[in-house]
Amino acid sequence: MNAYLIFGLLIALMLTGMPISISLGLTVLTFLFTMTEVPLHAVALKLFTGIEKFEIMAIPFFILAGSFLTRGGVAKRMIDFATSMVGHWHGGLGLAGVIACALFASVCGSSPATVVAIGSIVLPAMEKQGFPRRFGAGVIATSGALGILMLPSIVKVIYAVSTNTSIGALFVAGVLPGLMLTVMLGVTTWYIARKNNYPRLPKATWGQRFRAFRECIWGLFLVVVVIGGIYAGIFTATEAAAMSAVYAFFVAVFVYKEMSLKQVPRSLLDSANLSAMILYIITNAVLFSFLMTSENIPQQMAEWLLNKGLGTIAFLLMVNVLLLIAGNVMEPSSIVLIMAPILFPVAMKLGINPVHFGIMIVVNMEVGLCHPPVGLNLYVASGITKMGITELTVAVWPWLLTMLVFLVIATYWPGLSLWLPKVMGMM
Amino acid sequence: MLKLLDRLEEWLIAFLMGGATLIIFVAVVHRYASTVPIPIMQDWLLKINLSWAQELCIYMFIWMAKFGAAYGVRTGIHIGVDVLINRLPDRYRAKFIVFGLLAGALFTGVIGTLGAQFVWDIAHTDEVSADLEMPMWIVYLAIPCGSYLMCFRFLQVTWSFLRTGALPHHDASHVEGLDEATSAGLHPADVERGARP
């Protein structure tokens, strides 16, 4: 009964368009003032202790690192390198865009940031070369979603914190699925480009390729810093995130010299703004799950689901549908924060691996980022290309379909995500 | 006066963001540098105890989160599910927006008051933090201050919405400093030249 009330109120408040964090918080407050006996000062304490975990602090650090990488010319060099490698195939710059997104995603933990970093350089260039605008926008908006799947990822940190899963294992587990999705998106791009005979670039020589590689090696080295550091036990995930922020700053300002020291405060402020928004949602989501736990709702829901006699396959299907629906109206961090505590216990009872479950959720979030009405990637891409959301929706569908196929693969093939962390001995 | 508050807010959160990053960086470097056996330097490094770095970083980020959330109201970064209300006629849509903003003000106001009570209670104990041994009430002060500031920002945005009908809007696709790179574009010539100098 209480469960219906809580969720009913939450959804009603959300639909009025107020910030998600506020609707979570107000639901909790209403409930506490009217229904339960939980002492109010416990709430105030929760507001603080909710984010008092060192693991969560990886989020602001990764956001800051992403901001330096975007402005510091790292994306540009990765695009140059990708272009020199695949630019002469069908799809040319578009294909290079997919590869560049994958490269950038392996050092950056956010999808919209990947779209901005790669898209704002590749899209105008593609248009200049005579690609239709829709093609470019479709490629980049969807490939940018790789940002949360490859290696470091903000969504993975949130999942790890709310379910107590190993952050390192989740990071590494995204590599193979990420590569596979890159290939699938690449093939889609290649096929469409070949059918329509889109422009190709002259083939680069190996010397040029080597030079382009040497230029972008500074950015790629970040992969070694983050993953090598965590894997070798040199630092924790949060420390790795802080190191990557400092490293990205160093590369942007002193190596590539694309950022002046004067721009640094602006970067700090923007990253702080974005991090504060996510941390604020987390705080309120912690309050919300505190309320749910004190009302025993996750357990009840888990029992109810288990009594339905759902097998693993049916359960995973249900989770996917549920998350895809949620992806229509909310952005990934909120979905994971609200859904993970409810779905995770059931998944554990069914014997699903927590890391595999996490990767599946992340892939699902990627799909949610690329379709309307609330696809953050679409909004970012529409900001860059000045295309309307409706037009973009049509533009992305071939790649979105590819992603849905990939979602099915990632859901029902645990080995894809689990093999690498197992081989590396991280789980 | 308001301008001053705005600048102060911006400087504070930017400083906290940068400061926390630097502290963790220094702590990690220190942890490894102090294992390198360089005679005098090692002794000197071992004398410095940086075990409080992690705690300080957490507190700095919590302060950043509270004040950053207030700044976020001003920049319109707190997103909600607005697909539904955006389809309503303007008159009704405006009502929902004002309702949402006032709800935000109400929530942050209540939390601020709860937080203030909480800080008041704790100030009368001698509770200190684990590593820094800083009085906890100073640490927790972030809740009432941040929340009240956020409440104020919500009211401010409501007021300006009622007067001008404009809402702060966060444009995620705009990155300052990238415009230049965009207009320069990427020409096939760049590929032929290989990498840029």
Side-chain angles (χ1 to χ4, degrees), chain A residues 14-22 25-26 29 40-41 43-44 47-48 51-52 54 57 60-61 64 70-71 76 79-80 83-84 87 112 116 120-121 124-125 128 201 204 208 211-212 215 235 239 242-243 245-246 263 265-266 268-269 271-273 276-277 279-280 329 373 379-380 383-384, chain B residues 10 13-14 16-18 21 24-25 28 54 57-58 61-62 64-65 67-69 71-72 75 77-85 96-97 99-100 103-104 106-107 110-111 114-115 117-118 121 140 142-143 171-178 181-182 185-188 190-192 194-196:
Chain A
M14 270 187 189
L15 289 182
T16 65
M18 69 174 70
I20 291 175
S21 42
I22 300 292
L26 270 181
L29 277 193
L40 275 176
H41 72 258
V43 178
L47 267 183
F48 199 88
I51 51 171
E52 208 184 20
F54 195 53
M57 302 311 159
F61 285 139
L64 183 61
T70 308
R71 292 168 200 210
K76 197 167 77 188
I79 294 168
D80 282 346
T83 313
S84 75
V116 173
S120 53
I121 301 173
K128 225 175 273 171
L201 293 170
Q208 287 164 343
R211 268 198 303 279
E215 271 289 310
F235 21 72
E239 283 169 348
M243 296 308 268
V246 174
Q263 288 171 300
R266 190 72 227 168
L268 286 173
L269 187 62
S271 320
N273 193 11
M277 187 267 287
L279 289 177
Y280 200 68
V329 288
Y379 283 92
V380 174
I384 298 171
Chain B
E10 284 164 17
I13 59 176
L16 288 172
M17 184 94 203
T21 315
I24 292 300
F25 176 70
V28 172
Q54 197 157 322
C57 162
I58 292 176
F61 270 153
I62 290 178
M64 183 205 79
F67 286 92
Y71 174 69
T75 56
I77 203 174
H78 294 283
I79 34 174
V81 184
D82 52 5
V83 269
L84 208 67
I85 59 161
F96 273 112
I97 287 174
F99 173 73
L106 173 73
F107 173 70
V110 171
I111 290 297
L114 283 178
Q117 267 171 12
F118 180 70
D121 290 344
Y140 286 133
I143 306 175
D171 186 2
S173 65
H174 176 74
V175 178
E176 233 165 285
L178 257 189
T182 313
L186 185 81
H187 305 282
D190 287 324
V191 186
E192 279 161 21
R196 290 178 191 200

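Residue numbering restarts at 1 for every chain, and letters A, B, ... go by the order of the sequence lines.
Nearest heavy-atom pair, Met64(B) versus Pro60(A), reported as atom, atom and distance to 0.1 Å: CE-CB, 4.5 Å. Across all non-hydrogen atoms, the minimal contact from Leu269(A) to Ala14(B) is N-CB, 4.2 Å. Here the closest non-hydrogen pair linking Met18(A) and Gly100(B) is CB-CA, 3.7 Å. Residues Ala69(B) and Ala276(A) share a closest heavy-atom pair of N-CB, 3.5 Å.
In this structure, the portion of Tyr280(A) lying under 4.5 Å from any heavy atom of chain B is its side chain and not its backbone. Contact annotation for Ile13(B): both backbone and side-chain heavy atoms come within less than 4.5 Å of a heavy atom of chain A. With a threshold of 4.5 angstrom between heavy atoms, Leu106(B) approaches chain A through side-chain atoms but not through N, CA, C or O. With a 4.5 angstrom heavy-atom cutoff, Gln54(B) touches chain A via backbone and side-chain atoms both.
The CG atom of Leu29(A) lies 7.0 Å from the CG atom of Leu114(B); values are rounded to the nearest 0.5 Å. Distance OG1/Thr21(B) to CE/Met57(A): 12.0 Å, rounded to 0.5 Å.
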Query - Verdict with reasoning, Phe61(A) to Phe61(B), per ring pair (Phe, Tyr, Trp, His ring centres under 6.0 Å) - result: CA-CA 10 Å; Phe61(A) 285 139; Phe61(B) 270 153; 5.0 Å; yes
Query - Residue pair Ile22(A), His78(B): steps toward the side-chain contact (heavy atoms from CB on, under 4.5 Å) verdict - result: CA-CA 9 Å; Ile22(A) 300 292; His78(B) 294 283; over 6 Å; no
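Shown here is Phe96(B), whose CZ atom has no more than 12 heavy atoms of other residues, nucleotides or ligands within 6.0 Å.
The choice from Thr16(A), Leu15(A), Leu64(A) that makes the most heavy-atom pairs within less than 4.5 Å of chain B is Thr16(A).
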